[in-house]
Amino acid sequence: SSGAGGLLSFYVYRAQGTANYPPKNINAGNLAGAMWYLQHEVMIQDPPKFSINRLLRYKVEVRAPVVLQKKGLSFGVRFAYDSQNCT
């Protein structure tokens, strides 16, 4: 949802094992993407890939910097990183 000042609130989901650590620099996605990942990459082997056994939900609130807001944008360019390399 969008509130005052361009604040956006939404949920992201992360498939994870039993380890607990802060949600920094992690992969997360929308619910449909997380479910696809579980069905097509995690649960196709026994034991499940990376010992994943739960789906975490995080509420995220973001606001675009003023320079992006002036351009009518909420988000900047997205880059994918794999093993510390921009792919």
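Numbering of residues begins at 1 and proceeds along the displayed sequence.
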With a 4.5 Å heavy-atom cut-off, do [X] and [Y] have their side chains touching?
X: Val62; Y: Val60; result: yes
X: Ser9; Y: Lys59; result: yes
X: Lys49; Y: Gln45; result: yes
X: Glu61; Y: Leu7; result: yes

Checking the side chain of Arg54 only, and the main-chain atoms of Gly17 only, is there a donor and an acceptor separated by less than 3.5 Å? yes
Could you tell me whether a side-chain N or O of Gln16 sits under 3.5 Å from a main-chain N or O of Ala19, the two making a donor and an acceptor? yes
Under a 4.5 Å side-chain heavy-atom rule over Ile, Leu, Val, Met, Phe, Trp and Tyr, are [X] and [Y] clustered together?
X: Phe50; Y: Met43; answer: yes
X: Leu73; Y: Leu8; answer: no
X: Val12; Y: Tyr21; answer: yes
X: Leu56; Y: Tyr37; answer: no

Does atom CG of Asn27 have more than 12 heavy-atom neighbours, drawn from other residues, nucleotides or ligands, at distances under 6.0 Å? no
Step through the shown structure and confirm whether more than 12 heavy atoms of other residues, nucleotides or ligands are within 6.0 Å of OH on Tyr58. yes
Do Arg57 and Tyr11 form a cation-pi contact, if we require the NZ or CZ to be under 6.0 Å from the six-membered ring centre and within 45 degrees of the ring's axis? yes
If you take all heavy atoms of Ser74 and Ala64, which pair is closest and at what distance? O-CB, 3.4 Å
Rounded to the nearest 0.5 Å, how far does [atom2] of [Y] lie from [atom1] of [X]?
X: Glu41; Y: Trp36; atom1: CD; atom2: CH2; result: 5.0 Å
X: Leu38; Y: Asn53; atom1: CG; atom2: CG; result: 10.5 Å
X: Leu55; Y: Tyr13; atom1: CG; atom2: OH; result: 8.0 Å

